[in-house]
Structures are given as C-alpha cells and as structure tokens.
Amino acid sequence: QVQLVESGGGLVQAGESLRLSCVASGRTFSRYVMAWFRHSSGKEREFVAAIGGAALTTYYADSVKGRFTISRDNAKNTVYLHMNNLKLEDTAVYYCAASGSWVITTTRGQYPDWGQGTQVTVSS
C-alpha cells in the first residue's frame with residue numbers, strides 16, 4: 001500500500017495556472033503508473049492524466065489536453081499536475097492515485113491507492 005498526500009490547490013481566476021503536487025510513500029514509487037482524477041459536484045470522479053513509471057509515457061483526458069501537463073520526480077517520490085489556462089469547468093477536488101501496474105489506464109478501479117484530495121476552484 002502507498003500513502004499519497006496532495007497539495008497545491010486553491011482559488012484562481014479563469015486563465016490562470018496552478019501546480020498540484022502529490023508526495024508518495026510506502027512502496028517503490030518509480031515502478032508504478034501515477035494518475036490524477038477529479039471530482040466535481042454532480043459528476044462522477046473522472047480521469048485527468050496519467051504517467052508511466054519512467055515518465056516516458058503520458059495520457060490525458062481530452063478536456064485537459066494541451067492545457068495540463070503531468071510529470072514526476074522519482075527521486076522525490078512526487079508527481080505533479082501543471083494546470084494552465086484554467087477554466088470554470090476545471091473546478092473540482094483533485095485526487096492523486098497510484099496504480100498497481102505498469103500499464104497506463106484511465107479506469108478508476110485499477111488504482112488501489114488514493115490521496116485525500118485538494119480543492120481547485122476557478123472563478124470568472
């Protein structure tokens with residue numbers, strides 16, 4: 001099992017940027033896919049982005065492609081989500097998740113470990 005702690009959320013205006021961080025502990029961080037999901041009111045938790053263990057592969061939801069960038073620093077056991085040109089619809093609680101495999105997936109059930117979430121609010 002891995003413990004995940006997110007940080008970096010906050011209140012920003014549309015068009016601004018934020019960087020979320022997620023620090024992991026408990027198992028070999030570099031071996032597994034890491035991802036970000038988000039949950040907004042009235043919607044199911046949805047996939048945002050994922051990154052392979054060696055950071056050679058990334059995958060994004062269409063809604064954030066070109067605006068968000070996922071990265072990781074295995075030496076620091078940390079995964080990041082750089083969010084640019086934020087929109088009102090990006091308002092959500094953002095969760096970091098650790099996969100149990102080396103294969104990138106967008107399926108929530110393939111991620112057994114989750115952080116507590118960090119709130120991102122985008123205002124007009």
Requested in this report: Show your reasoning for whether side chain to side chain contact (heavy atoms under 4.5 Å, CB included) applies to Ser124 and Leu88.
Outcome: CA-CA 7 Å; Ser124 59; Leu88 297 179; 4.1 Å; yes
According to a 4.5 Å side-chain heavy-atom criterion applied to Ile, Leu, Val, Met, Phe, Trp and Tyr, with indirect links allowed, do [X] and [Y] form part of one hydrophobic cluster?
| X | Y | result |
| --- | --- | --- |
| Ile51 | Val33 | no |
| Ile70 | Tyr80 | no |
| Val2 | Tyr95 | no |
| Val79 | Val93 | no |
| Val64 | Leu86 | yes |

Requested in this report: Kindly indicate, with the supporting measurements, whether the criterion side chain to side chain donor-acceptor pair (under 3.5 Å) is fulfilled by Ser17 and His82.
Outcome: CA-CA 8 Å; Ser17 300; His82 306 257; over 6 Å; no
Could you tell me whether the side chain of [Y] reaches within less than 4.5 Å of the side chain of [X], counting heavy atoms only?
| X | Y | answer |
| --- | --- | --- |
| His39 | Glu44 | no |
| Gln13 | Val122 | no |
| Met83 | Val120 | yes |
| Leu81 | Val48 | yes |
| Met34 | Cys96 | yes |
| Thr105 | Tyr59 | no |
| Asp73 | Phe29 | no |

Inter-residue atom distance [X].[atom1] - [Y].[atom2], 0.5 Å rounding:
| X | Y | atom1 | atom2 | answer |
| --- | --- | --- | --- | --- |
| Ser30 | Asn77 | OG | CG | 8.0 Å |
| Ser40 | Glu46 | OG | CD | 6.0 Å |
| Tyr32 | Ser101 | OH | OG | 9.0 Å |

Looking at every non-hydrogen atom in both residues, tell me the closest pair between [X] and [Y] and how far apart they are.
| X | Y | answer |
| --- | --- | --- |
| Pro112 | Gln110 | CD-O, 3.4 Å |
| Ser21 | Thr78 | CB-CG2, 4.4 Å |
| Leu20 | Thr118 | CD2-CG2, 4.0 Å |
| Tyr111 | Thr107 | CD1-O, 3.3 Å |
| Arg72 | Ala55 | CG-CB, 3.8 Å |
| Leu4 | Ala24 | CD2-CB, 3.5 Å |

Query raised in the report: Is it true that Phe37 and Phe47 have ring centroids separated by less than 6.0 Å?
Result: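 So the answer is yes for these two rings.
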Query raised in the report: Do Asp62 and Lys65 sit within salt-bridge range, that is, some charged N less than 4.0 Å from a carboxylate O?
Result: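 Between Lys65 and Asp62 there is a salt bridge, with a charged N closer than 4.0 Å to a carboxylate O.
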Query raised in the report: With distance as the sole test, does Gln1 use its side chain to make a donor-acceptor pair with the main-chain N or O of Asp113 at under 3.5 Å?
Result: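 Absent.
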Query raised in the report: If only atom types and distance count, is the side chain of Asn74 paired as donor or acceptor with the main-chain N or O of Gly53 below 3.5 Å?
Result: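 Yes.
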Query raised in the report: Going through the checks in order, is the side chain to side chain donor-acceptor pair (under 3.5 Å) test met by Arg38 and Tyr94?
Result: CA-CA 4 Å; Arg38 65 187 181 187; Tyr94 283 73; 2.9 Å; yes
Query - Side-chain donor-acceptor pair present, Gln119, Thr121, cut-off under 3.5 Å - result: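 Yes, a side-chain donor-acceptor pair sits under 3.5 Å.
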Query - Trp114 six-ring centre to Arg45 NZ/CZ under 6.0 Å and within 45° of normal - result: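 Arg45 over Trp114 ring: yes.
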